[in-house]
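Treat the numbers as computed from the prediction; the structure is a model and nothing was measured.
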Amino acid sequence: YEHHERAIAVSAMVVGFIVDNLTLRRIDFLVENLVLISYLVIAGVSIFYINLHQSRGYESGVLKWLRFLSPIAIQFAFGGLFSAFFVFYWRSASFGTSALFLVFLFLMMVGNEIFAKHFVKLTFQISVFFVALLSFFIFYVPVVVGKMSFWVFMLSAIVSIVTISIFIYFISKANPRGVKDDKHILGRSIISILSVIIACYILNIIPPIPLAMKEGVVAYDVSRAGDGDYNIVVEDRGWLYSPFSKTKIYIAENRPVYVFSSVFAPTRLDTKIVHEWQVKEGGKWKTITRTTFVIVGGSDRGYRGYSLKQNVYEGKWRVNIETERGQIIGRVPFNIISGKRPNNLTEKTY
């Protein structure tokens with residue numbers, strides 16, 4: 001195991017990330033949350049046993065084997081947690097605005113393999129465990145409460161602080177000397193982590209999880225169809241069209257432009273989203289209009305809706321789909337060009 005440790009760890013991380021990406025479906029499903037909670041329990045129990053062993057010095061065969069396996073169990077649990085967090089937060093993120101937080105989660109996932117030997121150190125154990133708790137409760141509490149707001153986020157932080165405080169109390173019973181020696185460092189580490197995460201939330205760096213963008217389309221026309229569906233008229237660009245190319249919309253005078261979006265929200269979560277229409281003028285993005293509407297959670301296809309803009313003109317445009325407090329869920333960029341509609345228009349149903 002020691003000879004192949006690095007190769008085993010990296011392979012496990014890659015396979016685990018692929019499996020998580022393929023199997024994790026919805027952030028509000030019971031099975032997904034039970035898996036994440038089980039990872040947290042495995043990590044917590046393993047950290048507790050390492051500290052108990054350090055304090056008591058068990059030497060019997062089975063207990064020594066448990067001591068050997070505990071850091072591996074922690075590495076497995078944290079690897080599963082941060083891989084799942086990265087998948088969920090990635091689905092909820094607009095990369096341009098949430099890149100720092102996504103990079104942070106990615107580094108936590110990769111660092112779990114690189115710094116595996118540090119899991120025997122109490123401060124490192126507790127710090128990583130607190131980041132995992134905070135990352136979990138940030139999306140789990142809104143799912144339970146059915147609301148998204150600054151105060152719901154702060155409730156997530158409070159629940160994380162209470163949970164880690166109770167955990168440290170039990171660790172102090174298992175390893176009194178270890179906790180006493182690291183008490184001040186532990187406190188500073190937890191306060192620093194909490195302060196950084198709150199700052200990221202205030203600056204809208206954290207993705208608006210548990211919301212996630214399913215579709216974002218700029219269209220020539222949008223109309224209601226049966227069963228809550230929408231008919232969207234767009235240009236048929238063929239299968240060779242690059243998804244990275246900015247859409248061009250040809251608009252005649254006095255014709256509107258439509259933007260359709262589908263946003264996933266968990267069951268029981270009702271919140272408001274905003275379509276913010278912007279045009280680039282003088283090298284800067286200028287907000288023209290903001291359309292707000294309520295979305296209702298629970299549908300696999302997401303809550304579907306649209307906004308439109310009259311009196312548009314040539315230039316670079318974009319519509320930010322965001323929460324009421326400005327967290328970007330998704331973005332639809334496009335160029336408006338004066339001219340007749342192209343002949344290759346097609347109607348799609350969403």
Side-chain angles (χ1 to χ4, degrees), residues 26-28 88-89 91-98 138-139 141-153 201 204 206-234 247 249 251 254-280 285-312 317-334 336 347-350:
R26 281 180 45 165
I27 206 166
D28 59 337
F88 280 138
Y89 279 89
R91 291 176 184 174
S92 182
S94 168
F95 188 77
T97 56
S98 303
I138 282 173
F139 70 76
V141 170
V143 170
V144 173
V145 174
K147 299 289 183 183
M148 289 182 66
S149 69
F150 173 77
W151 298 112
V152 173
F153 173 82
Y201 179 82
N204 288 337
I206 295 179
I209 198 166
L211 301 180
M213 186 84 159
K214 302 283 285 186
E215 298 285 348
V217 182
V218 57
Y220 288 92
D221 194 16
V222 177
S223 59
R224 291 296 296 264
D227 299 324
D229 289 338
Y230 288 84
N231 293 326
I232 315 294
V233 178
V234 295
T247 303
I249 294 287
I251 295 296
N254 298 323
R255 295 299 296 266
V257 175
Y258 296 78
V259 167
F260 168 87
S261 67
S262 174
V263 176
F264 168 79
T267 305
R268 294 181 57 247
L269 192 148
D270 299 340
T271 189
K272 293 180 180 178
I273 66 168
V274 178
H275 278 198
E276 181 184 50
W277 288 73
Q278 294 183 321
V279 62
K280 198 166 192 178
W285 289 102
K286 175 184 175 183
T287 298
I288 304 299
T289 58
R290 289 171 59 86
T291 302
T292 302
F293 49 90
V294 176
I295 65 171
V296 180
S299 172
D300 282 333
R301 298 170 63 187
Y303 184 90
R304 286 151 290 164
Y306 69 93
S307 61
L308 62 92
K309 181 74 181 74
Q310 299 275 7
N311 302 318
V312 293
W317 290 73
R318 69 183 185 186
V319 173
N320 298 322
I321 293 88
E322 58 188 39
T323 64
E324 278 192 295
R325 62 177 303 274
Q327 290 174 287
I328 302 292
I329 306 168
R331 180 171 283 156
V332 182
F334 52 95
I336 293 180
E347 188 174 86
K348 298 183 178 180
T349 301
Y350 288 91

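Taking Thr323 as the reference, nothing meets the side chain to side chain donor-acceptor pair (under 3.5 Å) condition, with sequence neighbours excluded. For Glu215, there are no side chain to side chain donor-acceptor pair (under 3.5 Å) partners two or more places apart in sequence or in a different chain. By the side chain to side chain donor-acceptor pair (under 3.5 Å) test, Thr267 pairs with Arg26, Asp28, sequence neighbours left out. Partners of Asp229 under the side chain to side chain donor-acceptor pair (under 3.5 Å) rule, at least two apart in sequence or in another chain, are Arg301, Arg304. Under the side chain to side chain contact (heavy atoms under 4.5 Å, CB included) criterion, Glu324 pairs with Lys272, sequence neighbours left out. In this structure, the ring-ring contact (aromatic ring centres under 6.0 Å, His included) partners of Phe260, at least two apart in sequence or on a different chain, are Tyr230, Tyr350.
In this structure, the side chains of Trp317 and Val312 come closer than 4.5 Å at one or more pairs of heavy atoms. A heavy-atom distance below 4.5 Å is not found between the side chains of Val218 and Tyr258.
A donor-acceptor contact closer than 3.5 angstrom links the side chains of Asn204 and Arg325.
Ser261 pairs in a side-chain contact (heavy atoms from CB on, under 4.5 Å) with only one of the listed residues (Val217, Val319, Ile321), which is Ile321.
To the nearest 0.5 Å, the span separating CD1 on Ile232 from CG on Asp221 amounts to 8.5 Å. Interatomic distance, Ile209 CD1 to Met148 CE, rounded to the nearest 0.5 Å: 9.0 Å. Residue Leu211 holds its CG atom at 8.0 Å from CD1 of Ile273, rounded to the nearest 0.5 Å. Atoms CG and OG1, on Asn231 and Thr349 in that order, are 4.0 Å from each other to the nearest 0.5 Å. Distance check, rounded to the nearest 0.5 Å: OH of Tyr303 to CZ of Phe264 gives 15.5 Å.
Aromatic pair His275/Phe293: centroids less than 6.0 angstrom apart.
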Evaluate the criterion side chain to side chain contact (heavy atoms under 4.5 Å, CB included) for residue pair Asp270 and Ile295; output intermediate values, then yes/no.
CA-CA 6 Å; Asp270 299 340; Ile295 65 171; over 6 Å; no
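Remark: Lys309 NZ is packed, more than 12 non-hydrogen atoms of other residues, nucleotides or ligands lying under 6.0 Å away.
In this pair, Tyr201 and Phe153 present their aromatic rings parallel. The plane angle is below 30°, not in the 30 to 60° band.
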